[in-house]
Amino acid sequence: MLDLRFVRENLELVKQKLKDRGAATSVLDGFEDLDRERRRLLSGAEERKARRNKVSGEIAALKQQGRDVSALVTEMQQLGTEIASLDREDKTYDEKLRDILAALPNLPHESVPVGDSAAGNQEVRHWGEPRHFDFPPMPHWELGPKLGILDFERAAKIAGARFAVYTGVGARLERALANFMLDLHTREHGYTEVLPPFMVNSATLFGTGQLPKFAGDLFKIESTDFWLIPTAEVPVTNLYRDEILEAEELPIKHCAWTACFRSEAGSYGKDTRGLIRQHQFQKVELVKFTLPEKSYEELESMTRDAGEVLERLGLPYRVVTLCTGDMGFSSAKTYDLEVWLPSSGDYREISSCSDCEAFQARRANLRFRRGRGKSEWLHTLNGSGVAIGRTWLAIIENYQQEDGSVVVPEALRPYLDGLDRIG
RNA sequence: GGAGGGAUGGGUGAGUGGUUGAAACCGGCGGUCUUGAAAACCGUUAGCCUUUAAAGAGGCUCGGGGGUUCGAAUCCCUCUCCCUCCGCCA
């Protein structure tokens, strides 16, 4: 959520930044009038409340002296009616204003390239080189079933499309990847592991920005206020909601392994084959809570922490800065890590690292205090460290051999009892 | 699922309609004393919003929402969460 005062004082700038993102600015059309009217009503109500508070005290005093207060009571009854109606009116303006603010995406940081689609993203760096194959490489959705480690047909039977069953070494590889990533981030990168609920309530989803706008992307449990998390960013970022942390505690760095659930509404027909786009996938997520002035350097280190996972696994990847038109709702700046996939002949997203600045902090009321100073909004960052399902398929595809087997990356072998080859 | 009890400031916890935004204690901060520290003593210690150049003034908040009243932490309704007992259960 953007700061109300900031929007009031920088309306044209806000509109320009929204246009850069390709977001509609029409919601802001009535903003100035709404904002002015709301404050007018509020002052009116507050003046009357001040009078009421004063007279109520007087009534108490007079009553103690046994004096007649009926005239004052009558006056207060009238005043009470006025206050109620002003309050009611003010509330509707307040809600309208809040709805506007809740629907606005974050403003892009000045370093973000302006563009209207993924075509405007800019490569920052890359690591490794795509392998040259002496034989036609198979896509993982053929190789996996052939190796007996991946089963889409039975998954469709028990659940439906966009689900997968991992079997035998396939299941173990998924688990090994989770442990490998968590160990790297906790032992070497200073993150504290958390295991949060995979279901959360609406307030939590509002805090990170999924609600109210993106309810359609989520799964909701019928007749409850529980939703399946689309990413661990949601429960973990909300961990300190409505709290005021000490400046010395920051940065707080968490990593979390969770399943993630996405309805993938609006993406029918995209990546229908294979593991790329599933209703459920597992992910290790990185979340940071930082001082405002440190958040961009923390974004750089978080992106490196995620890249380290791919480097240790020997997977070629590149880092791109998402342009204004391709960024997520809550982000001010996002780096995507894209891994090389032989089946696509291209780099595909495997991690997304975002600095949300104070956008989520305002929604979730995440604050900190320096010494005895006034409380301030902290900054939140999140990034995949990294998506496990996509790492699984990247390994299968990039490490496949001509005989149909798959070599296990060395870093992973300790997690698989030394297994060096699948198939 | 059934029965009962709770939710107050950083913590414990008083407060059942009228200077109570809130006693007391603990904790935190500042000070006195001390070579230093501890103890003791004194002082101080919520958040948000409106208005203002500032100082200040005002409003709201005692789990959330609604109601009664001139006036609500206190009364009523409702929701959420927590605790205890029974049942069920990985």
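Predicted model only: the values in this text are computed from it and were never measured. Chain identifiers are assigned alphabetically (A, B, ...) following the order of the sequence lines, protein sequences preceding nucleic acid strands; residue numbering begins at 1 within each chain.
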So which of residues 1-10 of chain A are in contact with RNA chain B, with a heavy-atom cut-off of under 4.0 Å?
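Residues of residues 1-10 of chain A under 4.0 Å from RNA chain B: A:Arg5, A:Arg8.
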
Hey, are the side chains of [X] and [Y] touching, using non-hydrogen atoms and a 4.5 Å cut-off?
X	Y	answer
A:Ile388	A:Trp257	yes
A:Thr237	A:Leu366	yes
A:Val408	A:Tyr399	no
A:Leu101	A:Leu97	no
A:Lys220	A:Leu205	no

With nearest nucleotide decided by heavy atoms, which residue, A:Val73 or A:Arg369, maps closer to the 5′ end of RNA chain B?
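First, find each residue's nearest nucleotide; the 5'-ward one identifies A:Arg369.
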
Quick check: on RNA chain B, is the nucleotide nearest A:Met76 upstream (toward 5') of the one nearest A:Ser375, or the reverse? Name the residue that is more 5'.
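Its nearest nucleotide lies further toward 5', so the answer is A:Ser375.
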
Using the [atom1] atoms only, state how far [M] lies from [N], rounded to an integer number of Å.
N	M	atom1	answer
B:rG4	B:rA22	C1'	30 Å
B:rG17	B:rC75	C1'	8 Å
B:rG28	B:rG11	P	15 Å
B:rC41	B:rA54	C1'	38 Å
B:rG10	B:rU19	C1'	27 Å
B:rU8	B:rU74	P	14 Å
B:rA14	B:rG6	C1'	16 Å
B:rA57	B:rG67	P	31 Å

For [N], which nucleotide in any strand shown is its Watson-Crick or wobble partner with both distances under 3.5 Å?
N	result
B:rG71	none
B:rG58	B:rC49
B:rA3	B:rU84
B:rC29	B:rG43

Could you tell me whether A:Arg175 sits above the aromatic face of A:Tyr415, with NZ or CZ closer than 6.0 angstrom to the six-membered ring centre and within 45 degrees of the axis?
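That pair does not qualify as a cation-pi contact.
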
Looking at A:Cys323, is its backbone amide N or carbonyl O close enough to the side chain of A:Asn121 to form a donor-acceptor pair, meaning the two atoms are under 3.5 Å apart?
yes

Length of the line joining [X]:[atom1] and [N]:[atom2], which is rounded to integer Å:
X	N	atom1	atom2	answer
A:Lys374	B:rC48	NZ	C1'	8 Å
A:Glu243	B:rG47	CD	P	15 Å
A:Ile244	B:rU45	CD1	P	16 Å
A:Asp87	B:rG67	CG	P	10 Å

State which of B:rU50, B:rG66, B:rC70 makes the closest approach to the side chain of A:Lys91.
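Within the option list, the nearest is B:rG66.
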
For a quick check, with a 4.0 angstrom heavy-atom cut-off, what is the B/S/- contact string for nucleotides 57-64 of chain B, read 5' to 3'?
-BSS----

For each nucleotide in nucleotides 15-20 of chain B, reading 5' to 3', give B when a protein heavy atom comes within less than 4.0 Å of its base, S when such contact involves only the sugar-phosphate, and - otherwise.
---B--

Residues [X], [Y]: salt bridge by 4.0 Å N-O rule:
X	Y	result
A:Glu37	A:Lys96	no
A:Glu233	A:Lys283	no
A:Asp87	A:Arg48	no
A:Asp94	A:Lys91	no

Over 60° means perpendicular and under 30° means parallel, so tell me whether A:His189 and A:His185 are parallel, tilted or perpendicular.
tilted

Can you say whether the rings of A:Phe261 and A:Phe198 are parallel (under 30°), tilted (30 to 60°) or perpendicular (over 60°)?
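If you compare the ring of A:Phe261 with that of A:Phe198, the planes turn out tilted.
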
